[in-house]
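In this chain, residues are counted from 1 in sequence order. Counting starts at 1 for both ligands and their atoms, in listed order.
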Amino acid sequence: MSKIIGLTGGIGSGKTTVAKMFTELGVPVYIADDAGKKVLDLPKAVNALKQVFGEKVFTDGHPDRKKIAALVFGNPEKLSMLNRIVHPLVKNDFNLWLKENRQAPFIIKETAILFESGSDLGCDKIITVTAPLEDRISRVISRDQSDREAILKRIDSQWTDEQRTAKSDYIIENTNKENTKQQVVNIYQILKHL
Ligand SMILES: CC(C)(COP(=O)(O)OP(=O)(O)OC[C@H]1O[C@@H](n2cnc3c(N)ncnc32)[C@H](O)[C@@H]1O)[C@@H](O)C(=O)NCCC(=O)NCCS
Ligand SMILES: Nc1ncnc2c1ncn2[C@@H]1O[C@H](COP(=O)(O)OP(=O)(O)OP(=O)(O)O)[C@@H](O)[C@H]1O
């Protein structure tokens, strides 16, 4: 079985950027955000979303991520209701993906909420990506055209960098991309010999 390396970091820290660097090195990478989007359209998710939140989170019969985000971020109770619908489906999707990649010596599982969701327990090693808070906010604003308030609400629903780094095996400081790439290569060399 492949070793599972968790890759985490708060919103906008650069997890996906780091994940792509691992992909370039030939490592299979699972992006939980992508899986979260995929499973949202499964009948199981659609039915549960209708039951829990009602038609107001749908547009043209499909779950509307903007509407869901506006409802759950800033409301811990609603966020946990959403998590209870989506996380088991993502877990299932990940297990199937893992089987398909079992020949790899190690794989990367990228998720912002590795610790919050308890997925850290299934990992052999954990990498946290950090970046200064203001850099994270401005990077997400330019990537998603979202506003500061909405980003801060997501940040408030996640662990802090201090909490994440205290429980991680490796820390990547994502300031400039060239330097980040070097840190990725260094960690890759260590992971190859686990
Ligand atoms: C609320 C939803 C519809 C918003 O969709 P949207 O396209 O705007 O965001 P996207 O999924 O691309 O996530 C962007 C970032 O938001 C943050 N975020 C997303 N979900 C969560 C969550 N449950 N808790 C805390 N932060 C979260 C992360 O930093 C993530 O990288 C979507 O994030 C969702 O369904 N979330 C619940 C499932 C989940 O936890 N997915 C993430 C990993 S499984
Ligand atoms: N070192 C860097 N310098 C400048 N821009 C960067 C750097 N790293 C990442 N970015 C940019 O910042 C934005 C956020 O990065 P990325 O999408 O990798 O973060 P993330 O942690 O995966 O975010 P999310 O939690 O929202 O999924 C992207 O547009 C990315 O291109």
Participant: Taking the cut-offs as 6.0 angstrom to the six-membered ring centre and 45 degrees off its axis, would you call Lys50 and Phe58 a cation-pi pair?
Facilitator: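 Yes, Lys50 lies over the aromatic ring of Phe58.
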Participant: When clusters are formed by joining ILVMFWY residues with side-chain heavy atoms under 4.5 Å apart, either directly or through shared neighbours, do Val27 and Ile5 land in the same one?
Facilitator: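 Val27 clusters together with Ile5.
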Participant: Looking at Lys153 and Asp156, is any side-chain nitrogen of the basic one under 4.0 Å from a carboxylate oxygen of the acidic one?
Facilitator: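 Result for this pair is no, no salt bridge flagged.
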Participant: Counting only N and O atoms by type, is there a donor-acceptor contact under 3.5 Å from the side chain of Asn101 to the main-chain atoms of Ala104?
Facilitator: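 Between the backbone of Ala104 and the side chain of Asn101 there is no qualifying donor-acceptor contact (under 3.5 Å).
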Participant: With the criterion set at N/O pairs under 3.5 Å, what does the list of contacts between the protein and ligand 2 look like, atom names and distances included?
Facilitator:
from	atom 1	to	atom 2	distance (Å)
ligand 2	1 (N)	Asn174	OD1	2.8
ligand 2	1 (N)	Thr175	O	3.0
ligand 2	8 (N)	Asn174	ND2	3.0
ligand 2	17 (O)	Arg143	NH1	2.7
ligand 2	18 (O)	Thr16	N	3.4
ligand 2	18 (O)	Thr17	N	2.9
ligand 2	18 (O)	Thr17	OG1	2.6
ligand 2	19 (O)	Gly14	N	3.2
ligand 2	21 (O)	Ser13	N	3.3
ligand 2	21 (O)	Ser13	OG	3.4
ligand 2	21 (O)	Gly14	N	2.9
ligand 2	21 (O)	Lys15	N	2.9
ligand 2	21 (O)	Lys15	NZ	2.7
ligand 2	22 (O)	Thr16	N	3.0
ligand 2	22 (O)	Thr16	OG1	2.7
ligand 2	23 (O)	Gly12	N	3.1
ligand 2	23 (O)	Arg143	NH1	3.2
ligand 2	25 (O)	Lys15	NZ	2.6
ligand 2	26 (O)	Arg143	NH1	3.3
ligand 2	26 (O)	Arg143	NH2	2.7
ligand 2	27 (O)	Asp33	OD2	3.3

Participant: Any idea which protein heavy atom is nearest atom 23 (N) of ligand 1, and the distance to it?
Facilitator: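 Nearest protein contact, heavy atoms only, for atom 23 (N) of ligand 1 is Asn83 OD1, 2.8 Å.
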Participant: With backbone taken as N, CA, C and O and side chain as the heavy atoms from C-beta onward, which portion of Ile113 lies under 4.0 Å from ligand 1: side chain, backbone, both, or neither?
Facilitator: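 For Ile113, only side-chain atoms sit under 4.0 Å from ligand 1.
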Participant: Return yes when atom CZ of Arg143 has more than 12 non-hydrogen atoms of other residues, nucleotides or ligands closer than 6.0 Å, and no otherwise.
Facilitator: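 Buried by this count: over 12 neighbours within 6.0 Å.
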Participant: Does ligand 1 have any atom sitting under 4.0 Å from a heavy atom of His87?
Facilitator: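 Contact check His87 vs ligand 1: positive.
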Participant: Please check if the side chain of Gln158 supplies one atom and the backbone of Ile11 the other of a donor-acceptor pair under 3.5 Å.
Facilitator: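 Here the side-chain-to-backbone pair exists.
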Participant: For the pair Glu134 and Arg148, find out whether any cationic side-chain nitrogen is under 4.0 Å from an anionic carboxylate oxygen.
Facilitator: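 Judged by the 4.0 Å cut-off on N to carboxylate O distance, Glu134 and Arg148 do form a salt bridge.
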Participant: Going by heavy atoms, is Ala112 under 4.0 Å from ligand 1?
Facilitator: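 Right, Ala112 reaches ligand 1.
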Participant: Are more than 12 heavy atoms from other residues, nucleotides or ligands located less than 6.0 Å from atom CD of Glu149?
Facilitator: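 No, CD of Glu149 has 12 or fewer neighbouring heavy atoms, counting only those of other groups under 6.0 Å.
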Participant: Which of the numbered atoms in ligand 1 are under 4.0 angstrom from any heavy atom belonging to Ser157?
Facilitator: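 Contacts of ligand 1 toward Ser157, numbered from 1: 25 (C), 26 (N).
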Participant: With the threshold set strictly below 4.0 angstrom, can you tell me whether any protein non-hydrogen atom sits that near atom 39 (C) of ligand 1?
Facilitator: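 Within 4.0 Å: yes, protein heavy atom nearby.
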Participant: Is there a donor-acceptor contact under 3.5 Å from the side chain of Gln183 to the main chain of Glu173?
Facilitator: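 Yes; judged by distance alone, with no hydrogens or angles, the pair exists.
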Participant: Are there over 12 heavy-atom neighbours, none belonging to Lys56, within less than 6.0 Å of that residue's NZ?
Facilitator: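 Counting neighbours around NZ of Lys56, more than 12 heavy atoms of other residues, nucleotides or ligands fall under 6.0 Å, so yes.
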Participant: Return yes if a side-chain donor-acceptor contact under 3.5 Å exists between Asn186 and Tyr170, otherwise no.
Facilitator: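 Side-chain D/A pair, Asn186 to Tyr170: absent.
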Participant: Which one of Val86, Asp156, Leu82 has a non-hydrogen atom at the shortest distance from atom 34 (C) of ligand 1?
Facilitator: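 Answer by nearest heavy atom: Leu82.
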Participant: So which of Arg65, Lys37, Lys67 gets nearest to atom 10 (P) of ligand 1, if we judge by its closest heavy atom?
Facilitator: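 Answer by nearest heavy atom: Lys37.
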Participant: Considering only non-hydrogen protein atoms, determine which one is nearest to atom 41 (N) of ligand 1 and report residue, atom name and distance to 0.1 Å.
Facilitator: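 Protein heavy atom at minimum distance: Asp33 OD1, 4.4 Å.
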Participant: Give the residue, atom name and distance (to 0.1 Å) of the protein heavy atom nearest atom 28 (C) of ligand 1.
Facilitator: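 Atom 28 (C) of ligand 1 sits closest to the protein heavy atom Gln158 NE2, 3.3 Å.
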Participant: Would the number of heavy atoms belonging to other residues, nucleotides or ligands and lying under 6.0 Å from NZ of Lys91 be above 12?
Facilitator: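 No - once you tally the heavy atoms of other residues, nucleotides and ligands closer than 6.0 Å, there are 12 at most.
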Participant: Nearest to atom 9 (O) of ligand 1, what protein heavy atom do you find, and at what distance?
Facilitator: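 I find the closest protein heavy atom is Arg154 NH1, 3.1 Å.
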Participant: Note the single closest protein heavy atom to atom 18 (N) of ligand 1, along with its residue, its atom name and the distance in Å.
Facilitator: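 Nearest protein contact, heavy atoms only, for atom 18 (N) of ligand 1 is Phe73 CZ, 3.8 Å.
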Participant: Determine if the distance from atom 6 (P) of ligand 1 to the closest protein heavy atom is below 4.0 Å.
Facilitator: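 True for atom 6 (P) of ligand 1.
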